[in-house]
Structures are given as structure tokens and as C-alpha cells.
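Before any comments, here is the structure.
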Amino acid sequence: MSTQVGKALLSGQNLVKSYGAQPILDDISLTIHEGDRIGLIGRNGCGKSTLMRLLAGLITPDNGKVTQAQGLSIALLAQECTLDRFMTIQAILESAAAERNAILDKYHAAMDALSHNPTDDPAHEELQHNCEILQHAVDAAAAWDIPHEVKRIRVALRLPDQDRTLEKLSGGELRRVDLAHKLLQHPDVLLLDEPTNHIDTYSVEWIERFLERYEGCCMLVTHDRYFLDRVVNRIVELEFNTVYTYPGNYERFLEYKADVEWSEARSESNRQSMIKRELAWYRRGAKARSTKQQARITRLDVAMEQDNPTQHREFTFEIPETDKLGKTILEARKLSHGYDGEYLFKDFNFIMQKGMRVGIIGANGSGKTTLLRVLIGTEEAQKGKLIIGDNTKFLYVDQAHADMDTDMKVLDFVSNGVKQWDTGKKKIYIPAYLERFLFDKSCVDMPISSLSGGERNRLDLVRKLLRGGNLLVLDEPTNDLDLYTLRILEETIDGFDGCALIVSHDRYFLNRICTHMLVFEEDGHVQDIVGNYDDYQLYKKRVEADKTEAVAQAKTKTNNAATTRNTPAQKLSYKEKLELQAMEDTIHEAEEAVTKLEATLAAPGFYEQDHSKVQEVVKALDDAKAKVEQCYARWEDLGKRAG
């Protein structure tokens, strides 16, 4: 990897930003250079979003300054959408490309003026030079085919109908529209705060490919570790109000981080050992008269004055133990369910067994959350039978955060005001339980209004987990969690004695914890895969390979049959004789048409265009293959009659 640093584009120097008396950022400096793909990581509350908003110029620092290259364009995908809620999706997307369209319009106007200007006019050369400048500007803005780009992004991010207004969209839909708006701007610096939240796996993979080809630079905050591995070339960590920069992707960062922490731990161990040795010498009553002895005492004083390494408070997900699962846990028999006459899933069969941790994936709107609600019995299926074991107790953690009365005290919200919570197996002391989730024990008597947004989300999680269960049901549990908390959650689920059903688009998370996958496919079919997300990818490749092989075998069989035919020109009309003579060329042309269409489908980016165009090519390929078969059948018929 090249170590050459590009031109500085955007820089924050000695930034300070406080909310109330507590500084969020204190003397932070960071520079974004040309070619940078920065992954900004750090624990929740460390100031990642605040730093991005400062760099984007949406807020001003209390101290320090932000500088940017002349003419620099910046777009920020923030946690909260600021788009006009009364505009339609189409209008929003068009507005995102307005500046690039204006450049294209100027170019067309200049070319029109040039075409109507005589070549012997003194101004002709100047007009031609202006056209060349504008053509370069259009190239730089990638503005030649914006309508096609809008369609491609709309399909890739699975946006709702373009005539809908933003006020009628769900949170996830609004998030995807906001992301599309930022991508269509083509800024020099793209700042993305959790771009993969509320976006399905297929769209996340498309965003990865988009950013890999993106000509500008970007900085992103995400908990998707595969995203960090495949997109970024530099990791910036915010920790203890200090910026640490590591070259490479997330995997390389982990290697650097492990080395740094090992070195720090060894240094601290050496310091503690030295203090123990020197204290032992000092307590033996050594005389401190010589210069050498005095130096030992001075060294001891210096070592003891050094602060211990700063450490994070430990955070744990604790799930109260309930009854053990019985022989029958959960069983679905031919479950079918949907809305407005259309099935989200049909004839779904599933048996949960001990130790299973099942990941559920599919496109947005495919029915993943609905399937969870049906399986836990909060929504009744239209057809089929659901069997829930007598000992099965669901612990459901959904995407929605409970409505909080901010005047309510923390203890009242979490445990209905009691400090001793009885799980049936043991009693839990609520202040100590809260402490494991990084809350101070004293917070139980505080109003919820005194907590930050992140703390309120964590408090809602505490309330849900406290109820306990032996079958975890998690709907997008990785949203709004930092990387450290994600690792703790993974370890908790991995060591959980019960079973789990998990909807998630986080491929790393699914790979680490899942033993089975349920995959929503077309026409309401849910495919059951043994293994994790990587195993599902291998399954997909095998299915595609089997289809390709089946087509090839059928074609070979037909070709072999054709070559064994006798084709003397007898018992045929004159017209049929001519048809038979030309049949090999006809078949060759038909097969060439199939080959061209297959190459079109295999071209990079083909499936990123409008769905209707994709279906047109797919149908054309099916028709072309049918024509080949018809040609072979006709050839066989003519050959038999001629023989």
C-alpha cells in the first residue's frame, strides 16, 4: 500500500466542543487528504458525530478552527435527516443532482452557441475554448447521464415509490432516501454517519462497490466491520479525547491495536515491578547518602507519580437466567402470512433445536420482522400451525425504543420502582445491574431527562434484557452500537445457554454467531441454510453453478443429437430443402444472440440499473434460448423427413 499522502482537503485543528459543562471534544485535530477512505471509530459518546458535524460546517467549535481547500464541496449524511419532509422522493433526488445538471446545461448551451457561430468569427476560438473547459467540468462532475444514475441508485437502495413524500416514509425508508441524496451530490468529501443502518445486506454490498469506485474521498462512521475492511484505507480512532491514526483497513487496525496494547501492558507491568523492587530496597533502610542511592530514590518517586494507564469501564450484557428449554422449543408447520392479498412468506417449515442461533436476512420489506412476530406469537399467521414449547420464554428486543416519560425516574422505568428484581431463579439488585451497563448506581433516582440520547437507548435495552428469557429474539440488534459493544454482545450470545433468532444485516456479526440462516427469497420462499453467512454465500454459488451446468448439459445433449442426424435432401419440398440447407446458419445466429445476452447479464453493474430494464433483458434471453431449442427441433424434423 502506498504511503504517499495526498493534498490536504479538509482539516480541523485543536477543536473544542462542549455541551453544558462537559467537553465532548477537547483539543482534537484531524486532516482529510485526497484519496482518503477513513473509518472513524470509537465508543458511543466519544464525539464521532460531533466531529463530523464540525468538519461539515454545520456547527461551530468553541475553540480551534476548521479549514478547507478552495471550492471544496462537502456532503454529510447525519444521524438525523434534515431534508424537506413535504418534498417527494423524486424531487429530492433531482435536487441532489441540480448543480451537476446546471453544469451540463451550460455545456449544451455553449455547444449550441458554438454551432451557430461562423468559424471565421474572431469569437469562435474563445467559444471553442469555453466548450472545452465546460466539457472537462462535466467529466469531473460525472454529469453526462444523471437520469440513469438516479434510477440506478434508486433501485440499488430499494427506495419507495418516487411520488411519495418524505413525511409518509418510515425511519428506514427516510434514511435510505437521505443516503441517495448525498451520493447523488458527488461531493469532494463525503461524510457518512452510520450509512449501513436500516439498509439490507444487498444494498450494503452495492454501497461498498460505489465507494470503492468513488473519485472523491470519504470518512465514515460504521459498526459494519466487513464494510471497514473492504472500503477504508485508514482507521482513525477517537479514544480518551485523543486521535489515533492507523494505516490500512479494520483488520490491519486490530493488528496494530493488539501490538500497542501489548506494549503498553508490558510497560506498565515493568513499571509496577520496578516500584515493588525499589520499595523493598527502600524499606530495608538503605542509606540515601550516595549519588547512586539518591538516583534510585528519585527514580522511585517519578515512577510512583506516573498515572496508571487510562482504562474504559467494563460493560457487560447480562441476561437473567430462566427455566431451561424443553424438548419442544419452537416449531412452524406450513406457516403463511402477508398483507393485502400478498404473502410475505408461505408454507414455511422450521424446527428450533437446542443450541441453534438463527440469523434472518432478506431485502427491506421482505417480511423479516413480521416473521419474528409470528414466531413469538404476537401476530397470528393466516395459515399453518405454530407450536411453542411449554418452557420456552421469549426475550424480544425490537428496533423500536419504548416511549419514555422523561420526567420518570430511571428506577421506575426499568423495574417499576423496585430495587430487587425477582427472575424466578434469583433476585437482581437493580443499581448493580445498571452499573454493568455503564450507569452509575446513583442514577436510579435521576429523571430520564438528565440522560443523553445514547444513554436512553441503552436504558431501554436494560429494561428489556432484565425480563430474561431462554430464546433471544433480536431485531437489528447491531444498530446504534459501537464496535466494542458489538463484540461484547457477540460474546454474550455465543455464551448464551438458550437459543436465538436474530434479524441483522451485519455480515461479520452473522458469521461469528450463527449456526443457521433463514434467507428471504423471491415469491415468499424462505430458504433454510445450515451454517453462517459465508455458508449461505457458498450455497448461492453452488445453486448458480448447478443452473449453469444444467443448461450446458441440455445444450450438449441437443447438439449431440443433431450431429447424428442424416440430412439427405429427399422427401422435402423445394422450400424446405432450402430451409434445411440454411438451418446450421440459423442455429448459429440464434446461439450467438444467446451468447450476447448472457454477456450483457454478466457485465459489471448490470443489476444496478432499473429493475424493469433488467427484466427486459432476462426475458429476451429466455426467448432467445427458446428460439435455439425451436431451431434444433425443426432441424431434427426436417432431417427425419429427408431420410
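Atoms considered below: every heavy atom in the structure, side chains included; atoms not considered: hydrogens, waters and symmetry mates. Being a predicted model, the structure only gives us computed values, none of them experimental.
- Side chain of Lys65 to backbone of Ser11: no donor-acceptor contact under 3.5 angstrom is found.
- In this structure, Asp36 and Thr31 approach most closely via the heavy-atom pair OD2-O, 4.1 Å.
- More than 12 heavy atoms of other shown residues, nucleotides or ligands fall within 6.0 angstrom of atom NE2 in His525.
- Of the possible polar contacts, one joining the Asn511 side chain to the Tyr533 backbone as a donor-acceptor pair under 3.5 Å is found.
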Inset, instruction - With side chain to side chain donor-acceptor pair (under 3.5 Å) as the test, would you mind laying out the steps for Glu215 and His186 before giving the verdict? - result: CA-CA 9 Å; Glu215 293 184 358; His186 278 242; over 6 Å; no
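- Of all heavy-atom pairs between Asn532 and Cys514, the closest is CB-O, 3.8 Å.
- Remark: of the listed residues Val236, Leu228, Ile235, Leu191, Val236 is the sole one forming a side-chain contact (heavy atoms from CB on, under 4.5 Å) with Leu40.
- A salt bridge links Asp178 to Lys182: one of the charged nitrogens lies within less than 4.0 Å of a carboxylate oxygen.
- How far CG of Leu192 is from CD1 of Ile38: 12.0 Å, rounded to the nearest 0.5 Å.
- Between Asp193 and Arg53, none of the side-chain N atoms (NZ, or NE/NH1/NH2) sits under 4.0 Å from a carboxylate O, so this pair counts as no salt bridge.
- Within 6.0 Å of OH on Tyr339 lie more than 12 heavy atoms contributed by other residues, nucleotides or ligands.
- When side chains are defined from C-beta on, Arg85 counts as touching Leu174, because their heavy atoms get closer than 4.5 Å.
- The distance from the CG atom of Leu15 to the CG atom of Leu55 is 7.0 Å, given to the nearest 0.5 Å.
- Summarising the local packing, CD of Glu380 is surrounded by 12 or fewer heavy atoms from other residues, nucleotides or ligands at distances under 6.0 Å.
- Using a distance-only test at 3.5 Å, with no hydrogens or angles considered, a donor-acceptor pair links the side chain of Asn249 to the main chain of Asp229.
- Using modelled atom types, no side-chain atom of Lys48 and backbone atom of Leu238 make a donor-acceptor pair closer than 3.5 Å.
- In this structure the side chain of Leu77 never reaches within 4.5 angstrom of the side chain of Leu220, judged on heavy atoms.
- A heavy-atom distance below 4.5 Å is found between the side chains of Ile502 and Pro477.
- By the 4.5 Å heavy-atom criterion applied to side chains, Glu94 and Val150 are not counted as neighbours.
- Smallest separation of non-hydrogen atoms from Ser29 and Asn14: OG-N, 2.8 Å.
- Of the possible polar contacts, one joining the Thr242 side chain to the Phe240 backbone as a donor-acceptor pair under 3.5 Å is found.
- Of the inter-residue distances, the one linking Glu490 atom CD with Thr485 atom OG1 reads 11.0 Å to the nearest 0.5 angstrom.
- Between Cys217 and Gly35, the shortest heavy-atom contact is CB-N, 4.1 Å.
- We find the OG1-CD distance between Thr201 and Gln537 to be 8.5 Å, quoted to the nearest 0.5 Å.
- Nearest heavy-atom pair, Arg175 versus Pro195, reported as atom, atom and distance to 0.1 Å: NH2-N, 4.1 Å.
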Inset, instruction - Tell me, with the steps shown, if Arg225 and Arg487 meet side-chain contact (heavy atoms from CB on, under 4.5 Å). - result: CA-CA 11 Å; Arg225 287 153 288 186; Arg487 291 194 290 269; 4.1 Å; yes
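- Across all non-hydrogen atoms, the minimal contact from Ile199 to Asn364 is CA-ND2, 3.8 Å.
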Inset, instruction - Take Trp206 and Tyr202 through the ring pair (Phe, Tyr, Trp, His ring centres under 6.0 Å) test and state the conclusion after the steps. - result: CA-CA 7 Å; Trp206 178 87; Tyr202 315 110; over 10 Å; no
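- Each of Lys346, Glu379, Arg373 was scored for a side chain to side chain donor-acceptor pair (under 3.5 Å) with His337, with one residue passing: Glu379.
- Remark: side-chain polar atoms of Arg37 are not paired, donor with acceptor, to backbone N or O of Val231 under 3.5 angstrom.
- Distance alone, capped at 3.5 Å, places no donor-acceptor pair between the Asp440 side chain and the Cys443 backbone.
- Other residues, nucleotides and ligands place more than 12 heavy atoms under 6.0 Å from the CD atom of Glu167.
- Here the CG atom belonging to Leu183 is positioned 9.5 Å from the CZ atom belonging to Arg152, to the nearest 0.5 angstrom.
- Contact of the Val410 side chain with the Phe439 side chain is not registered, since no non-hydrogen atoms from C-beta on lie closer than 4.5 Å.
- Put simply, the side chain of Asn63 never gets that close to the backbone of Val16: no donor and acceptor are under 3.5 Å apart.
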Inset, instruction - Could you go through the side-chain contact (heavy atoms from CB on, under 4.5 Å) check for Tyr433 and Val414 one step at a time? - result: CA-CA 11 Å; Tyr433 188 73; Val414 171; 5.7 Å; no
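- Ion pair Arg507/Asp224 flagged as a salt bridge, since at least one NZ, NE, NH1 or NH2 atom sits closer than 4.0 Å to an Asp/Glu carboxylate oxygen.
- Counting heavy atoms from C-beta on, the side chains of Phe394 and Thr378 never come closer than 4.5 Å.
- Using a 4.5 Å heavy-atom threshold, the side chains of Asp200 and Ile361 count as separate.
- Panel note: side chain Arg164, backbone Ile89; no donor-acceptor pair is recorded below 3.5 Å.
- Side-chain atoms of Phe509 and His223, non-hydrogen and from C-beta on, never get closer than 4.5 Å to each other.
- The main-chain N or O of Asp188 is found under 3.5 Å from a side-chain atom of Ser73 such that the two form a donor-acceptor pair.
- The line from CD1 of Ile28 to CD of Gln13 is 13.0 Å long, rounded to the nearest 0.5 Å.
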